[in-house]
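The structure under discussion appears below in the form of structure tokens.
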Amino acid sequence: MKNETLEALYAVVASRKEKPEEGSYTCYLFDKGLDKILKKVGEECAETIIAAKNGDNAELKNEICDLLYHLIVMMNERGLPLGDVMDELDARSNKIGNLKQMKTVDKNT
């Protein structure tokens, strides 16, 4: 996915928050508040997990899109800019190759 796609989606969601439009699902979520938004994020997480478990990549793709949308609504509601998340992803990508030592645990003791 291109950053431009996420940026465009984030901008549309932000505009709905600033200038609500009647009949907009995004506006409905903002109107209901954080608890409703979080509930939808949780539901979409569960549906994404189920689609992955079922091995249906077409359904998985759709559920991931739903999850990303609801995460972006949540980010807007909490005032978290997309750029902050993208910056964190960039920082984490710089850590690739820095492997941590795994601890060995004796499960018999």
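Just so it is clear, the structure is predicted and the values come from calculations on it, not from any experiment.
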With sequence neighbours excluded, residues passing side chain to side chain contact (heavy atoms under 4.5 Å, CB included) with K61
none
side-chain contact (heavy atoms from CB on, under 4.5 Å) between N76 and I72, intermediate numbers included
CA-CA 6 Å; N76 268 274; I72 286 174; 3.8 Å; yes
Could you pull out all residues at least two apart from Y10 that satisfy side-chain hydrogen bond (donor to acceptor under 3.5 Å, both in side chains)?
none
Atom of V73, atom of I37 and distance for their closest heavy-atom approach:
CG1-CD1, 3.8 Å
So salt bridge (Lys or Arg N to Asp or Glu O under 4.0 Å) across residues 66-79, not counting sequence neighbours, yields K17-E77
Is it true that L34 and L29 fall in one hydrophobic cluster, defined by side-chain heavy atoms closer than 4.5 Å?
yes
Mind checking side chain to side chain contact (heavy atoms under 4.5 Å, CB included) for A51 and listing every partner two or more places apart, or none if nothing turns up?
E59, L60, E63
Who passes side chain to side chain contact (heavy atoms under 4.5 Å, CB included) against C27, sequence neighbours left out?
R16, P20, S24
Does V12 belong to the same Ile/Leu/Val/Met/Phe/Trp/Tyr cluster as M74, with side-chain heavy atoms less than 4.5 Å apart forming each link?
no
Hydrophobic clustering (ILVMFWY, side-chain heavy atoms < 4.5 Å, transitive) - are L68 and I49 grouped together?
no
Name all residues meeting the salt bridge (charged side-chain N to carboxylate O under 4.0 Å, His left out) criterion together with E22; count only those two or more places apart in sequence or in a different chain, and write none if there are none.
none
Taking side-chain hydrogen bond (donor to acceptor under 3.5 Å, both in side chains) as the test, write out the residues that go with Y28, two or more places apart.
none
Spacing of CG belonging to L67 relative to CG belonging to N62, to within rounding of 0.5 Å
12.5 Å
What pairs with E88 under salt bridge (charged side-chain N to carboxylate O under 4.0 Å, His left out), at least two apart in sequence or on another chain?
R92
Enumerate the residue pairs fulfilling ring pair (Phe, Tyr, Trp, His ring centres under 6.0 Å) with a member in residues 38-84, sequence neighbours excluded, ordered by first and then second residue.
Y25-H70
Non-neighbouring partners of S15 that pass side chain to side chain contact (heavy atoms under 4.5 Å, CB included), sequence neighbours left out:
none
Tell me every residue that passes salt bridge (charged side-chain N to carboxylate O under 4.0 Å, His left out) with E43, counting only those two or more places apart in sequence or in another chain.
K40
To the nearest 0.5 Å, how far apart are CE in M75 and CG in L82?
4.5 Å
Please list all pairs passing the side chain to side chain donor-acceptor pair (under 3.5 Å) test where one or both residues lie in residues 46-55, with sequence neighbours left out.
none
